Amino acid sequence: MAAHYDHEAIETKWQKFWIENKTFKAEIDHDKPKYYVLDMFPYPSGDGLHVGHPEGYTATDILARYKRMRGFNVLHPMGWDAFGLPAERHAVRTGEHPAIITNRNCDTFRKQIQRLGLSYDWDREINTTDPGYYKWTQWIFSVLFERGLAYEVEAPVNWCPALNTVLANEEVKDGKYVETGDPVEKRAMRQWMLKITEYAERLLADLDKLDWPEGIKAMQREWIGRSEGADVEFAVAGSGEKFTVFTTRPDTLFGATYCVLAPEHPLTLRITTDEQRAAVEAYIKTAERKSAQDRMKEEVTKTGVFTGAYAVNPVNNKEIPIWIADYVLAEYGYGAIMAVPAHDARDYEFAKTFSLPIIEVISRSSGDSIINRDCEAQSSLSGAYCPQNCEEVWTGDGVLVNSQILDGLNVADAKKKITAWLEERGLGKGTVNYRLRDWLFSRQRYWGEPFPLLRGEDGVVRVVPMKDLPVLLPELDDYRPTDDGMPPLARATEWVNTTDPETGKPAARETNTMPQWAGSCWYFLRFCDPRNDNEAFSKEAENYWMPVDLYVGGAEHAVLHLLYSRFWHKVLYDAGHVHTDEFAMKLFNQGMILAYSYQDKQGKYHYPHEVERDGDVWKLKATGEVVNAQIEKMSKSRYNVVNPDDVVREYGADSMRLYEMFMGPLDRDKPWTEEGVQGVHRFLRRVWALFVTEDGGIHSRIVESGGDETMTRELHKTIKAVTNDLENMSFNTAIARMMEFVNAAMKAAAVNKADMEQFTLLLSPFAPHIAEELWEKMGHDTTLAYAPWPEYDEARLVENTIEIPVQVLGKLRGRIVVPADADQAAILEAAKADPKVLPHIEGKTVVKEIYIPGKMVNLVVK
RNA sequence: GCCGGGAUGGCGAAACAGGCAGACGCACCGGACUCAAAAUCCGGCGGUAGCGAUACCGUGAGGGUUCGACUCCCUCUCCCGGCACCA
């Protein structure tokens, strides 16, 4: 090996060694505690790896290596979430089979990842598009189906014309597909749904036992959106009709002054009076045309129309008008509400707009009424006021008024009392509502898992028996939807039209495919037993490896992958296939890697190599024009993407790994700088120079015995700090501590070989290639991957003398150096006698002396 | 509006349990080596005043608790992320 730090040679050598020796192969070993550390596996895009990927991968790799050295049996796998739209689009364009494109991309990703020296067990590599994998995805679907959790329904769904497919609620925001921004519209279609709502309560409650970031848990709670309240039945006056509303404020029932139905409510046209019919029909038409985006924009002004009908308030038999308005959502609750304008901001605004009466039923503790009684205007509704008389809305707690049996109670008690009252009379009941809706699980695409379903001539749907799985994707020569709008699989007529093996009768296959989330919902289970042909995973493997101990990935999957996976896992738990009802106990979100981008006055971006720094401004090299330098998310369009291959070529994988960890705390967003990479690269060169001479031998400063004692103490301090930092995932500070050690060691005349070996082990999880090389140079003929992690000796940390800062009135005035075993009295004496301290206490009385052992002295003087 | 997370030198950051603010690195400045440059090594580097010892100021703003606050409490500002007519 060359004398200088030849990262290229060292890294390729050890990467080859690890692969050939299967150094990181994991096998069940009941004598060792297991540790399952998992990365969110990537979608292998055609663009290859991005510097953002290795950030999380490096963090988990460091922990995997650390845990192995601590005696854990580590499961650290990698695979590909390879179904998905980009490959399918490419296939439509070029006619090339998506599987070929996918495999090519996987090869690129694998090569790039292997070049980073990540210690994955490559024998466990999985690919969700592999029939040997999706066979089991189909099996899990059949488990869901057989447990009654999969159903077909004709309902308004999110249809994305640009993608020619439907989408789940979780994939749509503000009327757009979250990934691409393409508009989404409502369209009635027959689709497969999964009953995730049946698990809403458990998905919510079990968040409490997970060590996940608060933000993610909060987002899931919000998405599930549990709310407690009551269903209340309202009769429509003068007709046999009635409707139910859901309210979280049954306590305000006496304040209800009107009701609102969603335009889509089945009752709207039936109860509308002839005089109002034209207006109502027109309103419903407009509402239908409005997209979700339009609704968002009109947030400020509320619209609606009176039906002419009246509802009977069950608590007091008052007749109140029924309106229809699009501020009431058809999808939530019953698509109908009772409106209490005095105590609900939305109802208040609507009442103001349409001059609907207001009744105050909650009196604020301050005693100020929200109603201005000096105003003359009176409402037609008895006991109510015109909206002009009401100056504000009150949604907080208070004392019930104008509410007969509830008067004098607070909000919480009133809720209980009225709910019981309604239940006794059969007029309503306490209920819980969720915002979460069932998961729309079918897509009109080719490149996804086929459903293992057969529809008989009788219309009955049966699941394909286990022995006939996988249902393979048929070969097609055109991946577009059919001309009559059927999914691409409908083109495979021979595949679609088959025979039901049980009945022997003709049957048709489902032509929708599963969404991309399906494969990632359970991949962590397959990693436990990835080559099992007889079952998705063996009980033994699942029992041993699950649950995931640490799961690292980006925060963008907060309510998609992470919620869907939790749901599937609970179903598998209920079905007895897994032994825990959550799949990952600890979750960590890495931050984003940002980069400088350079934009000229016209807004055009320039590549970093096209600009140079001149004092405190950046200029175009070609023209000298000053450009604006800013920190932004990396993207091709901003010309600021850093390619990991370039970094590895120039500085090596160890530098790349070390830099990504040294940039700052893992969970924070931070900007990439080339100078920063050079900084850690210099550190590794210093490490090399510390150990190795110009001719490639071990440096003479490394001695068998008699080395610098203070360096031994430094080593023990470093072991303690690095170990602690690793446990806290504080990689940046761990690296800083190792830099301090190296800086000190460079200055020492001689250091003990044993100490330097220990240091090499400390460095190895972070920069494994250089560490292996140094380990070998020091005479070891086996990998250090399983060498015991260094232990520190508390006794070795003790210094002979300690320096203690001395404050007077909390201000630092001096420092004293005392023997480590000096007692308090001696230290205080020394503090008061210190020449720097003396001027600040002379002529004053010391009224209090504070000594924090080993830390600090503070003298309080008057 | 609500929820989650932030704000510390020129920059990325550190201070784990209330005890020396700025470890470590980058950038920058000075020096050594060199014909020269690069690389490397040594030194400096929060602000103000001062030749200096040193003094004062300083962790988004204001208040509080404390011998002592980046850290705890209250109020507020700004930034990032999420949700938002969900009754």
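Per chain, numbering begins at 1; letters A, B, ... match sequence-line order. Since we're looking at a predicted model, the values are computed, not measured.
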Does the distance from a Lys or Arg side-chain N to an Asp or Glu carboxylate O, for A:E842 and A:K844, drop under 4.0 Å? no
In whole angstrom, what separates [X]'s [atom1] from [N]'s [atom2]?
X	N	atom1	atom2	answer
A:M663	B:A13	CE	P	9 Å
A:K717	B:C16	NZ	C1'	16 Å
A:W672	B:C11	CH2	C1'	17 Å
A:K217	B:G5	NZ	P	11 Å

Rounded to whole angstrom, note down the [atom1] distance from [N] over to [M].
N	M	atom1	value
B:A27	B:C45	C1'	11 Å
B:C74	B:A21	P	26 Å
B:G31	B:G81	C1'	48 Å
B:C79	B:G25	C1'	25 Å

By nearest atom, which of the nucleotides B:C83, B:A55, B:A87 is closest to the A:E222 side chain? B:C83
Shortest side-chain distance from A:K173, nucleotide among B:A84, B:C20, B:A87: B:A84
Going by a 90° cut-off around 0, is B:G68 syn or anti? anti
Phosphate oxygens OP1/OP2 of B:U54: is one of them under 4.0 Å from a side-chain N or O of A:K836? yes
Within the structure, does a side-chain N or O atom of A:R668 lie under 4.0 Å from either OP1 or OP2 of B:C79? no
